Amino acid sequence: MLEVSDLHSGYGKIEILKGIKMKIPTGKIISLIGSNGAGKTTFLMTLSGIIRPTKGSICFEGQAIEQLASDAIVRLGIVQVPEGRRIFQSLTVQENLDLGAYTRSESRELEKDKEELLTFFPILKDRLKMLAGNLSGGEQQMLAMARALMARPKVLLLDEASLGLAPKMVEVIFSLIRRINDRGITVLLVEQNAWKALELADYGYVLESGKIQFEGTGRELLDNVMIKQAYLGE
């Protein structure tokens, strides 16, 4: 579905990604782990078209997308939930959801999708008129995910979905990620919580200093001695 080859990207003259190669198959959960500053968020921003690569290719369903604008990439079906959630705090939950569907025009389908999402995230249904900034951290993360799903993504890019959340809420969020994937949506998960990310993943990659250092199934990476020492506290 999504294939990255020899991808180089960064900020001005500072190169962060140095030849990334990755395959994200349809219907799978792929996890990307790595230390702070490894380039994980830069990778997602490049996939989303917010940062333009300096070299390499990004191919989605047979189409080269590395030079497309970010809104065109969203219309193709690649949607990002950014680190820190980035919801519109001064708008209501309802308004945030509506903005998630800004690339769509079919009003009848939009209402149907919204009703399904509110069943999927029932806590948001009780808070539709509440300002998003008044939600708890976990509720804001759910809203960010629901807002992204309103765009009907084929691939959901999740950046640090569990960041700053209480342990019980982390479990809820990871359960929701699994359920989202069960709906047929491919997921690329960037996470500091390496154990949970690899436990959930069909396949995983380890990014260090802008390069992929390890890859394998989630279980293979969990059993890797070097990864245990570096990321799992063992």
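Only a predicted model underlies this, so the values are computations on that prediction, with no experimental measurement involved.
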Legend entry - side chain to side chain contact (heavy atoms under 4.5 Å, CB included) evaluation trace for Leu207 with Val190: CA-CA 10 Å; Leu207 185 66; Val190 162; over 6 Å; no
Inset, instruction - Treat each ILVMFWY residue as a node, draw an edge where side-chain heavy atoms are under 4.5 Å apart, and state whether Ile180 and Ile30 are in one component. - result: no
Legend entry - Donor-acceptor under 3.5 Å (Asp6 side chain, Ile20 main chain): no
Inset, instruction - State which residue, out of Arg104, Arg152, Lys114, fulfils the salt bridge (charged side-chain N to carboxylate O under 4.0 Å, His left out) condition with Glu109. - result: Arg152
Inset, instruction - Let me see the working for Glu83 and Lys40 under salt bridge (charged side-chain N to carboxylate O under 4.0 Å, His left out), right down to the final yes or no. - result: CA-CA 11 Å; Glu83 181 181 357; Lys40 303 185 301 297; over 6 Å; no
Inset, instruction - Look up atom CG in Leu176 and atom CZ in Phe121, then write down how far apart they are to the nearest 0.5 Å. - result: 5.0 Å
Inset, instruction - Check the surroundings of atom CZ in Arg52: do more than 12 heavy atoms from other residues, nucleotides or ligands lie under 6.0 Å from it? - result: yes
Inset, instruction - Measure from the side-chain N and O atoms of Arg178 to the backbone N and O of Leu200, and report whether any donor-acceptor pair falls under 3.5 Å. - result: yes
Inset, instruction - Please check if atom CE in Met130 has more than 12 non-hydrogen atoms from other residues, nucleotides or ligands closer than 6.0 Å. - result: yes
Inset, instruction - Please round to the nearest 0.5 Å and tell me the distance separating atom CG of Leu131 and atom OG of Ser90. - result: 7.5 Å
Legend entry - Note, Met226 side chain near Val206 side chain (heavy atom, < 4.5 Å): no
Legend entry - Leu76 and Leu68: CA distance, side-chain angles, deciding distance, side chain to side chain contact (heavy atoms under 4.5 Å, CB included) verdict: CA-CA 10 Å; Leu76 287 176; Leu68 292 182; 3.7 Å; yes
Legend entry - Pairing of Lys196 and Glu199 as salt bridge, 4.0 angstrom limit: yes
Legend entry - Separation of Lys228 NZ from Leu222 CG (nearest 0.5 Å): 8.5 Å
Legend entry - Donor-acceptor contact present, side-chain Glu191 to main-chain Ser162, <3.5 Å: yes
Inset, instruction - Show your reasoning for whether side chain to side chain contact (heavy atoms under 4.5 Å, CB included) applies to Leu117 and Leu124. - result: CA-CA 9 Å; Leu117 276 177; Leu124 297 181; over 6 Å; no
Inset, instruction - Treating Ile, Leu, Val, Met, Phe, Trp and Tyr as nodes and any side-chain heavy-atom pair under 4.5 angstrom as an edge, say whether Met150 and Leu135 lie in one connected cluster. - result: yes
Inset, instruction - Please examine the side chains of Glu139 and Ile123, heavy atoms only from C-beta on, and report whether any two atoms are closer than 4.5 Å. - result: yes
Legend entry - Side-chain heavy atoms of Tyr205 within contact of Ile24, under 4.5 Å: no
Legend entry - Side-chain donor or acceptor of Thr46 paired with backbone N/O of Thr42 under 3.5 Å: yes
Legend entry - Side-chain donor/acceptor of Gln192 to backbone N/O of Glu160, under 3.5 Å: no
Inset, instruction - Run the numbers on Phe43 and Leu188 for side chain to side chain contact (heavy atoms under 4.5 Å, CB included), then give the verdict. - result: CA-CA 11 Å; Phe43 180 60; Leu188 175 58; 3.9 Å; yes
Legend entry - Asp202 side chain to Ile29 backbone, donor-acceptor under 3.5 Å: yes
Inset, instruction - For the pair Glu15 (side chain) and Gly10 (backbone), establish whether a donor and an acceptor sit closer than 3.5 Å, ignoring hydrogens and angles. - result: no
